[in-house]
Colleague: 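One structure is given below, represented as structure tokens, and several questions about it will come after.
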Amino acid sequence: MADVTMDKLVSLCKRRGFIFQSSEIYGGQGGAWDYGPLGVELKNNIKRAWWRANVLERPDMVGLDAAILMHPRVWEASGHVGHFADPMVDCRACKQRFRADDLTVGQLRGASGPVEIDIENALAVISDDGFVLDNVKITGHWPGGNVGNEATRHIQFLVNNPNWTTSVLIISTDDDHKYYQISGPIPHYVERLNLIVRPYPDVPAYAESISLELNSKTNAIALTGRNVCPNCGSYDLTEPRMFNLMFKTFVGPVEDTASQVYLRPETAQGIFANFGNVLTATRRKLPFGIAQIGKAFRNEITPGNFVFRSREFEQMEIEFFVRPGADEEWHRRWIQDRLAWYTGLGMDPAHLRLRVHQAAELAHYSKGTTDVDYLFPMGWSELEGIANRTDYDLRQHSEFSGERLTYFDEEANEHIVPYVIEPSAGVDRSALAFLLDAYREEEVPSTGPSTSSGQGRGETRVLLRLHQDLAPVKVAVLPLSRNEKLLPTAQEVDALLRKGLRDTMVQYDDAQSIGRRYRRQDEIGTPYCVTVDFESLEDRAVTIRERDEMTQERVPIAELAAALRERLES
RNA sequence: GCGGGAGUAGCUCAGUGGUAGAGCUCCUGCCUUCCAAGCAGGCUGUCGCGGGUUCGAAUCCCGUCUCCCGCUCCA
């Protein structure tokens, strides 16, 4: 670890074909990376190891591969539409950035009573520059009666009506502090919208004055006020800008008439949406889990640190369903299980730690989260988050879809909503961490008699001590030289191993000196090299050279595949 | 998005207005050659992209894209 820097690894990854910048010939596409011939093997090996440990070897897990495109309502139910779009404000004085909703939850002056707005044929705009108020309550004459949750259905109507393009932000505080951000028109049947502005108990002192005004000519509500930078006290803040972290796209080739959908920001929701399907199809009993590996997309503000944070990335997620009350015990067990997975694949325990989230940083769905952190060159950062999502998601989807997402508990003879433990790992981050952890620069004294440049010449050997389950190339077949007498036997051995070793990448290389080829294989982490020499032509045996210790052992060609298989499965 | 730094060969970099370079890598050949040996050859560049100034631009100016470090965010 002391040897490695991110720059060295990036260089190696490009040079040897692990990872390339996306669209490099066009100048690059930020936050996206392409995995080359070795990278795809590494990544597949990581995913295979994860799947084996979490699905194949466990009696209580099943797999799933849900679509990336899901119904847009999924993301309203999950909370991503509301919580994944953050209005951000920059302070020009001290260059700090804040979430606008941290700033603007302030005192309201000049509008302390009910504000009635006639919105017939008009557009009500509440702070369309992105301010968020969570002390505004929507009341009014909604067809169908009740306001509370009914309001959300009407808001949905607005979203589906394509006539307006101006953004409308309607905020509602029910008891659970939800707010809704929407785009669209006010439906024609809504005659009147009453906004009641009330004092709010936990008011930070950031906002000096915010007022809510009704423009009688345009029938629009404008929110005005001055915000104070909580860091330096300056009033010199930028307008809030929306940082919407979900990618939008369209279903249907003609955008005008197509419906907008999102590229999923996490794979988890595909599991929740299929909870009922999996339950009935597999007749599972609690506790059980559903595992899924797949791509997810987030419009990151700042991608960076190589593949650590990218806009398109791959997740390995588990949703493990348990009885309410058993959640904390299972949470603890999964934390230990997941930590052990990394060390079991050779990662240095000293480079791993568990970090318990503080209450303030918990995601909106989480009762408790513990991260598995890795000591990256830029510091400790998250490799995997193991969250107790409670019954939040299943209840949300049940409410939004109208489907019953419950488990019938035969013991209690009642329907229950399971709690969920979610170990969610990043494939790309894992790959990066495994590479960093495996990187070594070793001083190798030159001992070979063929080295004419003298004794004791220290040379640096770069190698990846990757766990053999993860190494992209597991066996390299190397004739001692390109001498034509050696080639038929070398090629015979190569063909033998390619077919004889299942799911194993075998590489053949006869270019340049044997020492150079060993070093090349070291640098990509190949655990075993098979060398065909002139003696092989006589005794039908070859040498297996091991990567880490550089030891050699002679094995008859007839037993070679079995010998390698034994080593690779140990 | 803001501030700072940077984009020249596969990699690491030199080149500050006058013919695009070095080291390493890579490729070919020779050598019964086991840990980057030697010898002889060889390939690779719209100098990130677009525009401008100039007799002439990798070099100066403008724009733009990307990368790195912070703010932020999280798998």
Side-chain angles (χ1 to χ4, degrees), chain A residues 6-8 10-17 20-32 84 86 88-92 94-99 231 238-239 241 243 245 265-268 295-296 298-310 313-317 357 361 363 369 371-372 378 381-387 422-430 432 444-454 457 459-462 478-483 485-486 511-523 529 531-535 537 543 545 547 550 552:
Chain A
M6 199 68 99
D7 286 346
K8 283 185 191 176
V10 171
S11 172
L12 189 155
C13 282
K14 179 174 185 186
R15 204 154 25 90
R16 294 304 190 195
F20 308 121
Q21 167 66 226
S22 168
S23 313
E24 194 179 20
I25 62 171
Y26 287 100
Q29 175 63 43
F84 236 56
D86 300 328
M88 306 292 286
V89 173
D90 293 312
C91 174
R92 294 192 183 92
C94 68
K95 308 300 180 193
Q96 299 285 301
R97 169 174 290 161
F98 308 96
R99 302 168 69 107
N231 184 51
T238 62
E239 292 301 300
R241 287 176 295 245
F243 283 62
L245 300 188
E266 63 174 15
T267 58
K295 292 253 181 154
R298 295 182 190 176
N299 232 329
E300 292 291 344
I301 302 166
T302 310
N305 288 320
F306 199 25
V307 296
F308 179 80
R309 179 176 295 113
S310 49
F313 60 102
E314 196 158 17
Q315 295 183 304
M316 303 181 286
E317 290 201 301
H357 281 219
E361 64 177 315
T369 298
D371 286 347
V372 178
M378 69 280 187
S381 285
E382 181 184 356
L383 216 47
E384 168 161 357
I386 301 142
E422 178 196 75
S424 173
V427 179
D428 311 85
R429 288 181 178 187
S430 296
L432 179 59
V444 187
S446 267
T447 54
S450 64
T451 303
S452 62
S453 52
R457 185 169 66 107
E459 286 177 342
T460 302
R461 169 171 91 126
V462 173
L478 312 174
L480 193 57
S481 76
R482 198 176 267 176
N483 186 294
K485 291 177 187 165
L486 292 174
Q512 301 177 343
S513 75
I514 185 67
R516 186 178 297 264
R517 280 175 279 153
Y518 284 146
R519 295 296 166 85
R520 269 204 293 255
Q521 295 299 332
D522 289 341
E523 200 177 27
C529 292
T531 309
V532 178
D533 56 26
F534 291 96
E535 225 175 305
L537 308 180
T543 302
R545 180 263 195 186
R547 176 192 67 200
M550 297 186 281
Q552 298 188 346

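Remember, predicted model here, so these are calculated numbers, not experimental data.
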Colleague: Within the side chain of A:D428, is there an N or O that forms a donor-acceptor pair under 3.5 Å with the backbone of A:E314?
Modeller: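 Indeed, once roles are kept as given, a pair shorter than 3.5 Å links the two residues.
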Colleague: Counting side-chain heavy atoms from CB outward, which of B:rA75, B:rA36, B:rC69 is closest to A:Q315?
Modeller: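 From the listed options, B:rA75 comes nearest.
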Colleague: Output the rounded distance in Å from CD (A:Q21) to P (B:rA6).
Modeller: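 That distance rounds to 20 Å.
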Colleague: Please indicate yes or no: is the ring centre of A:Y518 less than 5.5 Å from the centre of the six-membered base ring of B:rA36, with the two planes inclined by under 30 degrees?
Modeller: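 Not stacked by the 5.5 Å and 30° rule.
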Colleague: Using modelled atom types and a 3.5 Å cut-off, is there a donor and acceptor pairing between side-chain atoms of A:Q315 and backbone atoms of A:T267?
Modeller: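 Checking the backbone N and O of A:T267 against the side chain of A:Q315, a donor-acceptor pair under 3.5 Å is found.
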Colleague: Please give, in whole Å, the distance from B:rC68 P to A:K14 NZ?
Modeller: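 The answer, rounded to whole Å, is 13 Å.
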Colleague: Between B:rU28 atom P and A:R516 atom CZ, what is the distance in whole Å?
Modeller: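 So the CZ-P distance, A:R516 to B:rU28, works out to 12 Å.
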Colleague: Could a donor-acceptor pair under 3.5 angstrom be found where the side chain of A:R298 meets the base of B:rA75?
Modeller: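 Indeed there is one.
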Colleague: Paired with B:rU59 by Watson-Crick or G-U wobble geometry, both distances under 3.5 Å: which nucleotide is it?
Modeller: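 Pairing partner, where one exists within any strand: none, as none qualifies.
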Colleague: Whole angstrom is fine here: how far is it from CD in A:E523 over to C1' in B:rC11?
Modeller: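 That distance rounds to 10 Å.
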Colleague: Please check if any side-chain donor atom of A:R520 sits under 3.5 Å from a side-chain acceptor atom of A:Q512, or the reverse.
Modeller: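 Judged by distance alone, the side chains do pair up.
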Colleague: Looking at B:rU64, which nucleotide sits across from it as a Watson-Crick or G-U wobble partner, both distances under 3.5 angstrom, or is there none?
Modeller: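 Across all strands, the one nucleotide that pairs with B:rU64 is B:rG48.
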Colleague: For A:E266 and for A:L480, find the nucleotide of RNA chain B with the closest heavy atom, then tell me which residue's nucleotide is more 5'.
Modeller: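 The residue closer to the strand's 5' end, by nearest nucleotide, is A:L480.
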Colleague: Report the distance from atom CG of A:D371 to atom P of B:rC73, rounded to the nearest whole Å.
Modeller: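 My rounded result for the distance is 14 Å.
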Colleague: Separation of A:K8 atom NZ from B:rG10 atom P, in whole Å?
Modeller: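 So the two atoms are 22 Å apart, to the nearest Å.
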Colleague: For B:rG23, give the paired nucleotide (Watson-Crick: N1-N3 plus N6-O4 or O6-N4; G-U: N1-O2 and O6-N3; both under 3.5 Å), or none.
Modeller: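 Partner of B:rG23: B:rC11.
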Colleague: What integer distance in Å separates A:L537:CG from B:rU32:P?
Modeller: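 That distance rounds to 14 Å.
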Colleague: Checking only heavy atoms, does the side chain of A:R545 share a donor-acceptor pair with the base of B:rC34 at less than 3.5 Å?
Modeller: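 Result: no qualifying N/O pair found.
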Colleague: A:N299 side chain N/O closer than 4.0 Å to the phosphate oxygens (OP1, OP2) of B:rC73?
Modeller: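 No, because none of the side-chain N or O atoms of A:N299 sits under 4.0 Å from OP1 or OP2 of B:rC73.
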Colleague: Is a donor-acceptor contact shorter than 3.5 angstrom present between the side chain of A:R520 and the base of B:rC26?
Modeller: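 Counting by modelled atom types and ignoring angles, no donor-acceptor contact under 3.5 Å is found here.
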Colleague: Any base atoms under 4.0 Å from A:R547, or only sugar-phosphate, or nothing? Heavy atoms, all strands.
Modeller: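 The residue A:R547 makes no contact with any strand.
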Colleague: Treating A:R461 as the side-chain partner and A:E523 as the backbone partner, does any N or O pair qualify as donor plus acceptor under 3.5 Å?
Modeller: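 Such a contact is absent between A:R461 side chain and A:E523 backbone.
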Colleague: Side chain of A:S513 only, please: which of B:rC73, B:rA36, B:rU32 is the nearest?
Modeller: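 Shortest atom-to-atom distance from the side chain points to B:rA36.
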Colleague: Determine which nucleotide pairs with B:rG70, using a 3.5 Å limit on both distances of a Watson-Crick or G-U wobble pair.
Modeller: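 B:rG70 is paired with B:rC2.
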Colleague: Which of these nucleotides, B:rA75, B:rU28, B:rA36, is closest to any side-chain atom of A:E382?
Modeller: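 Out of B:rA75, B:rU28, B:rA36, the nucleotide with an atom closest to A:E382's side chain is B:rA75.
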Colleague: Would you classify A:S11 as touching base, sugar-phosphate or nothing, given that sugar-phosphate means primed atoms plus P, OP1 and OP2, and contacts are heavy atoms under 4.0 Å?
Modeller: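 Here A:S11 touches the backbone only, sparing every base.
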Colleague: Which nucleotide, if any, forms a Watson-Crick or G-U wobble pair with B:rA40, using both distances under 3.5 Å?
Modeller: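 Across any shown strand, B:rA40 pairs with B:rU28.
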Colleague: Between A:R429 and A:E382, is there a donor-acceptor pair closer than 3.5 Å when you use the side chain of the first and the backbone of the second?
Modeller: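 Yes; at least one donor-acceptor contact below 3.5 Å.
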Colleague: Heavy-atom distance under 4.5 Å between the side chains of A:S430 and A:M316, does that happen here?
Modeller: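 The answer is yes; the side chains approach within 4.5 Å.
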Colleague: Could you tell me the separation between the CD atom of A:Q512 and the P atom of B:rG29, rounded to a whole number of Å?
Modeller: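 Spelled out: CD on A:Q512 to P on B:rG29 is 11 Å.
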